[in-house]
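As structure tokens, the structure follows; a few thoughts come after it.
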Amino acid sequence: MQKVLVISGPTATGKSDLARYLAKELNGEIISGDSIQVYRGLDIGSAKETEAEQAEVPHHLIDILDPQQRYSVKDFQLQSRRLIAEISARGRLPIIAGGTGLYIRACLYDYVFEEEEGEDDPCPALSNQELYQRLQELDPRALEKIHPNNRKRLLRAYNVCQKSGMPFSANDKAKGEPLYDALIIGLTMEREELYARIDRRVEAMAAAGLREEIAGLLQQGVDFSCQSMQGIGYKEYKEYFSGEKSEEECLQLIKSHTHHFVKRQYTWFRHQLNVSWHEPQEREKIRQEVETWLKN
RNA sequence: GGUUCUGUAGCUCAGUUGGUAGAGCACGGCACUGAAAAUGCCGGUGUCGCCAGUUCAAUUCUGGCCGGAACCA
């Protein structure tokens, strides 16, 4: 099996720095595993590495889309797998670095995404309850995994049933088998310390011109309904630009949303990925673990 | 110094006509196959300022003490 090194963990733990270091030390190339950094122009709020940092070692799947474009886990799966093959063929080590847990899992494991046409219908006329009732007939098995309040999942299941004529749960063919020999390094630290780091980073983003970055995007015709603008650090500014909130309030919300996000990331990593956890300062120990894994 | 108000969760506060308490925020946990930085779900936070009195029973009533606020001097 091809070897893939993964550097993951919650936001603001120093994944990019570690990945860059290991890429240089171990002849690697970095594949970003991040759902927001794919977008050009979303630099400050997505904590993208600087151009100089990116130039130190090959990076992939950063700045590949305009902010108006859509992107999905299926796109990532296809592109990341192709890149893994290419990088390996060059005799180099593919390193996925990022915190989008679903993307990483969909790349590494045998997730299957069928061909689909068109976008899902948001079914504005159907209430959650009605969707739930229809799914009870169409695909009761899918409902075992979907809470009745979770409109997005209900819609997704309903749309797949409509489009394909097959139950949504039939899509769930994966056996949970890994496709690669992957070592997943997770960066972690005390929660309190991480939250303090995040709060400082948000202030630093503001000082670096987050507001101006968003204003520029809006001027280019990007608006807050775009998928790219659903990211933390961007969506909160909607109410600033509509005059409903002060910038201070927006920054507070960004901090709070990032804290919540960290909790969800931990839940995913703990249960969906087999992570070897380390503190960011344990670089040499991590490097040794990676080198040992590379030899086997 | 006097008068009035006030002290309940980490914070802001609600409440108990006496049977040891609840909201929001914060915090913790969980789910997850096409928006995932998304979308949902669950959870408890506690010497009810301290000491005494009345009472079967006090966070609730009474008294004292301590802390805070406002006004008066």
Side-chain angles (χ1 to χ4, degrees), chain A residues 8-12 15 32-39 42 44-48 65 67-79 98-120 122 128 131-132 139 142-160 163-164 166-176 191-192 194-195 198-199 201-202 205 224-237 249 252-273:
Chain A
S8 198
T11 189
K15 298 184 289 292
S32 163
D34 187 296
S35 62
I36 302 294
Q37 295 190 0
V38 292
Y39 291 108
L42 281 75
I44 296 171
S46 73
K48 220 176 263 173
L65 294 177
Q68 292 90 343
Q69 291 179 284
R70 298 182 66 83
Y71 193 67
S72 84
V73 59
K74 180 180 171 149
D75 300 317
F76 179 82
Q77 187 189 53
L78 192 75
Q79 293 164 356
T100 304
L102 175 66
Y103 283 13
I104 291 169
R105 192 168 153 82
C107 168
L108 263 24
Y109 290 83
D110 56 345
Y111 272 39
V112 176
F113 300 107
E114 305 290 347
E115 274 312 315
E116 276 178 34
E117 288 185 12
E119 286 180 20
D120 285 357
N128 288 355
L131 283 167
Y132 196 86
D139 188 0
L143 291 179
E144 289 167 20
K145 280 175 150 182
I146 304 175
H147 191 277
N149 292 353
N150 200 340
R151 164 155 265 258
K152 200 158 136 177
R153 293 262 165 78
L154 292 172
L155 276 174
R156 175 72 192 140
Y158 181 71
N159 270 293
V160 169
K163 277 192 218 171
S164 66
M166 299 273 293
F168 174 63
S169 51
N171 251 341
D172 191 0
K173 289 181 196 132
K175 297 189 198 79
R191 201 65 70 88
E192 219 176 305
L194 180 54
Y195 287 176
I198 285 165
D199 293 353
R201 190 170 80 166
V202 171
M205 286 175 176
F224 284 104
S225 66
C226 289
Q227 184 184 329
S228 58
M229 297 300 273
Q230 303 308 306
I232 298 170
Y234 294 94
K235 62 180 172 189
E236 292 83 0
Y237 266 87
E249 287 174 302
Q252 205 50 51
L253 266 179
I254 293 172
K255 291 173 190 172
S256 169
H257 289 165
T258 309
H259 297 350
H260 295 329
F261 175 47
V262 163
K263 267 151 39 69
R264 277 180 275 126
Q265 285 183 302
Y266 269 118
T267 299
W268 184 274
F269 297 137
R270 280 193 288 240
H271 300 277
Q272 305 285 334
L273 295 171

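None of these values were measured; they are calculated from a predicted model. A note on names: the letters A, B, ... follow the listed sequences, proteins ahead of strands, and every chain is numbered from 1.
Within the structure, every side-chain polar atom (N or O) of A:Gln265 is placed at least 4.0 Å from both OP1 and OP2 of B:A36. Taking side-chain N and O atoms only, A:Gln227 has no distance below 4.0 Å to OP1 or OP2 of B:A38.
Comparing A:Glu236 and A:His260, the nucleotide of RNA chain B nearest to each residue sits closer to the 5' end for A:His260. Both A:Tyr266 and A:Ala47 lie close to RNA chain B; mapped to their nearest nucleotides by heavy-atom distance, the more 5′-ward contact belongs to A:Tyr266.
Considering only residues two or more places apart in sequence or on other chains, A:Gln79 meets the side-chain contact (heavy atoms from CB on, under 4.5 Å) condition with A:Leu61, A:Ile64, A:Tyr71, A:Asp75. Remark: A:Leu155 pairs with A:Cys123, A:Leu131, A:Arg151, A:Asn159 by the side-chain contact (heavy atoms from CB on, under 4.5 Å) rule, at least two apart or across chains. For A:Arg105, the side chain to side chain donor-acceptor pair (under 3.5 Å) partners two or more places apart in sequence, or in a different chain, are A:Tyr111, A:Gln272. With sequence neighbours left out, the ring pair (Phe, Tyr, Trp, His ring centres under 6.0 Å) criterion links A:His259 to A:Tyr195. With sequence neighbours excluded, no residue satisfies ring pair (Phe, Tyr, Trp, His ring centres under 6.0 Å) with A:Tyr158. Residues passing the side chain to side chain donor-acceptor pair (under 3.5 Å) test with A:Tyr103, sequence neighbours excluded: none. Every residue meeting the salt bridge (Lys or Arg N to Asp or Glu O under 4.0 Å) condition with A:Glu115, not counting sequence neighbours, appears here in chain and number order: A:Lys74.
Residue contacts shown for A:Tyr71 are limited to sugar-phosphate atoms, with no base heavy atom under 4.0 Å away. As judged by a 4.0 angstrom heavy-atom cut-off over every strand, A:Phe76 is placed among residues making no nucleic acid contact. Using a 4.0 Å heavy-atom cutoff across all strands shown, A:Thr100 reaches sugar-phosphate atoms only and no base atom. Backbone-only engagement by A:Gly99 is indicated by non-hydrogen atom pairs under 4.0 Å involving sugar-phosphate atoms exclusively. At the heavy-atom level, A:Ser46 lies under 4.0 Å from base atoms of the strands shown. Among the protein residues, A:His259 comes within range of the sugar-phosphate backbone only, with heavy atoms under 4.0 Å from sugar or phosphate atoms but none that close to a base.
Looking at A:Thr100, its side chain does come within 3.5 Å of a backbone N or O of A:Ser35 through a donor-acceptor pair. For the pair A:Thr258 (side chain) and A:Ile254 (backbone), a donor-acceptor distance under 3.5 Å is present.
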Q: Decide side-chain contact (heavy atoms from CB on, under 4.5 Å) for A:Ile146 and A:Arg156; before the verdict, give the C-alpha distance in whole Å, the side-chain angles of both, and the deciding distance to 0.1 Å.
A: CA-CA 10 Å; A:Ile146 304 175; A:Arg156 175 72 192 140; over 6 Å; no
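Side-chain atoms of A:Asp34 come within donor-acceptor range of the base of B:A37, with a qualifying N/O pair under 3.5 Å.
Rounded to whole Å, the separation between the C1' atoms of B:U47 and B:U59 comes to 11 Å. Nucleotides B:G19 and B:G15 place their P atoms 15 Å apart, quoted to the nearest Å. Rounded to whole Å, the separation between the C1' atoms of B:U39 and B:U20 comes to 40 Å. Atom C1' of B:U8 sits at a distance of 10 Å from the matching atom of B:G49, rounded to the whole Å. Taking atom C1' on both nucleotides, B:U4 is separated from B:G10 by 30 Å, rounded to a whole Å.
Pairs of Watson-Crick or G-U wobble type, with distances under 3.5 Å, assemble into runs of 3 or more in RNA chain B at these ranges: B:1-7 with B:66-72, B:10-13 with B:22-25, B:27-31 with B:39-43, B:49-53 with B:61-65.
Of the candidates B:G34, B:A37, B:G29, B:G29 carries the atom nearest the A:Arg270 side chain, counting heavy atoms from C-beta on. Candidate nucleotides B:A35, B:A31, B:A36 were compared by shortest atom distance to the side chain of A:Arg70, and B:A35 ranks first.
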Every protein N/O lying under 3.5 Å from an N/O of nucleotides 39-43 of chain B:
from	atom 1	to	atom 2	distance (Å)
B:U39	O2'	A:Asn150	OD1	2.2
B:U39	O2	A:Asn150	ND2	3.2
B:C41	OP1	A:Asn149	ND2	2.7

